[in-house]
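Reading through the structure tokens given below for one structure.
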Amino acid sequence: MDLEKHPAAPAPAPAAAATAELRASDADRDRIAQILGDALAEGRLTAEEHSDRLDTLYAVKTVGELEVLVRDLPAPGGAHAPSAYAAPANAPGGPAETIVAVCSSSARKGRWRPGAHTRAISVMGDITIDLTEAVFEQQVTEINVTCVLGNVEVLVPENVTLRGYGSGVLGNFEVRGEGRGESDPQAPVVIVRGFALLGNIEARPKLGARLVDLARKLRKRLDG
């Protein structure tokens, strides 16, 4: 019998353990997504690593699981370059923009600035969210869609990374162009989440429409 005494592993602090078990909020996910975006821009992560971690980011449930994704990366505010897509310091936070179509139609297109979160609600209506000429001020843009007996279409530049998480009941949820190899790793990521009941939700790249390399322009401005 081994009588040698081994020091017991220190138990995690109760407060830290409790925090790790908390359900992750949208703000928690935005914070981790920003760190991942910084790491991609600085070359700490490859495009494939960034894509894998981003997929995991929106699949896990707790704060502790989110922290695992960035434990090998610098914390925000550390001695590393700022993200090219970080919002300006004086940018208003504000609630998520909501687009509603009830027995009608609604569209957001042209030169506009989508926030980090946009909600689209269609009830027997049509909604078009066209991001092909949009000015992105953050690395990750999330669109949450609820569609009942309606139609919602999301268009993105062909070199933006597009991700989709959703389902349909007697309806259709379709995201085309996911994981396309030609997506620009420096371009923003658009995530479409949705639920369609007797309706249609479709997100796809618009061929021929490409996002200008904003990251390169912003870096030149900062260096200059």
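Side-chain atoms are counted along with the backbone in the values below, which use heavy atoms only and exclude waters and symmetry mates. Along the sequence shown, residues are numbered consecutively beginning with 1.
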[X] with [Y], same ILVMFWY side-chain cluster at under 4.5 Å:
| X | Y | answer |
| --- | --- | --- |
| I35 | V60 | yes |
| F195 | I201 | no |
| M124 | L170 | yes |
| F173 | I99 | yes |
| W112 | F136 | yes |

Atom pair [atom1]/[atom2] of [X] and [Y] - distance to nearest 0.5 Å:
| X | Y | atom1 | atom2 | value |
| --- | --- | --- | --- | --- |
| H117 | T141 | NE2 | OG1 | 9.0 Å |
| C147 | N200 | SG | CG | 7.0 Å |
| I121 | T146 | CD1 | OG1 | 6.0 Å |

Nearest atoms (heavy-atom pairs only) where [X] meets [Y]:
| X | Y | value |
| --- | --- | --- |
| V175 | R163 | CG1-C, 4.3 Å |
| A203 | V192 | CB-CG2, 3.9 Å |
| P157 | P205 | O-CB, 4.3 Å |
| L54 | Y165 | O-OH, 4.5 Å |

* Asked: Is any side-chain heavy atom of L149 closer than 4.5 Å to a side-chain heavy atom of L197?
  ->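 Counting from C-beta outward, L149 and L197 never come under 4.5 Å.
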Next on the checklist: Side chains of K61 and R23, heavy atoms from C-beta outward: is any pair under 4.5 Å?
Outcome noted: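 They are in side-chain contact.
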Contacts of A120 that satisfy side chain to side chain contact (heavy atoms under 4.5 Å, CB included) - sequence neighbours left out:
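With neighbours one apart ignored, the set is I127, I129, V145.
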Partner residues of T62 under the side chain to side chain contact (heavy atoms under 4.5 Å, CB included) criterion, sequence neighbours left out: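 Partners of T62 under the side chain to side chain contact (heavy atoms under 4.5 Å, CB included) test: E65.
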My understanding is that only one of V156, L162, V160 makes a side-chain contact (heavy atoms from CB on, under 4.5 Å) with L131; could you say which?
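With L131 as partner, V156, L162, V160 yield a single side-chain contact (heavy atoms from CB on, under 4.5 Å), made by V156.
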Please identify which of these residues, T161, I32, I191, meets the side-chain contact (heavy atoms from CB on, under 4.5 Å) condition with V140.
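That would be I191.
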So, using side-chain hydrogen bond (donor to acceptor under 3.5 Å, both in side chains) as the criterion, who are the partners of R108 when residues are at least two apart?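 Listed in chain order: E97.
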State whether the side chain of T56 and the backbone N or O of D52 hold a donor-acceptor pair below 3.5 Å, judged by distance alone.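 Yes.
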Do any pairs count as a salt bridge (charged side-chain N to carboxylate O under 4.0 Å, His left out) and have a residue in residues 138-155, sequence neighbours left out, and if so which ones?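 Every pair satisfying salt bridge (charged side-chain N to carboxylate O under 4.0 Å, His left out) with a residue in residues 138-155: E142-R193, E153-R204.
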Provide the full list of side-chain hydrogen bond (donor to acceptor under 3.5 Å, both in side chains) pairs with a residue in residues 121-131, sequence neighbours left out, each pair given once.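 Found D130-T132.
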Pairs under 3.5 angstrom only: tabulate donor-acceptor contacts from the side chains of residues 66-74 to other protein residues two or more places apart or in another chain.
residue	atom	partner	partner atom	Å
E67	OE2	R31	NH1	3.3
E67	OE2	R31	NH2	2.7
D72	OD1	R53	NH1	3.0
D72	OD2	R53	NH2	3.0

*asked:* Whether E137 and R113 form a salt bridge (side-chain N of Lys/Arg under 4.0 Å from carboxylate O of Asp/Glu) is what I want to check.
replied: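 Yes, this pair counts.
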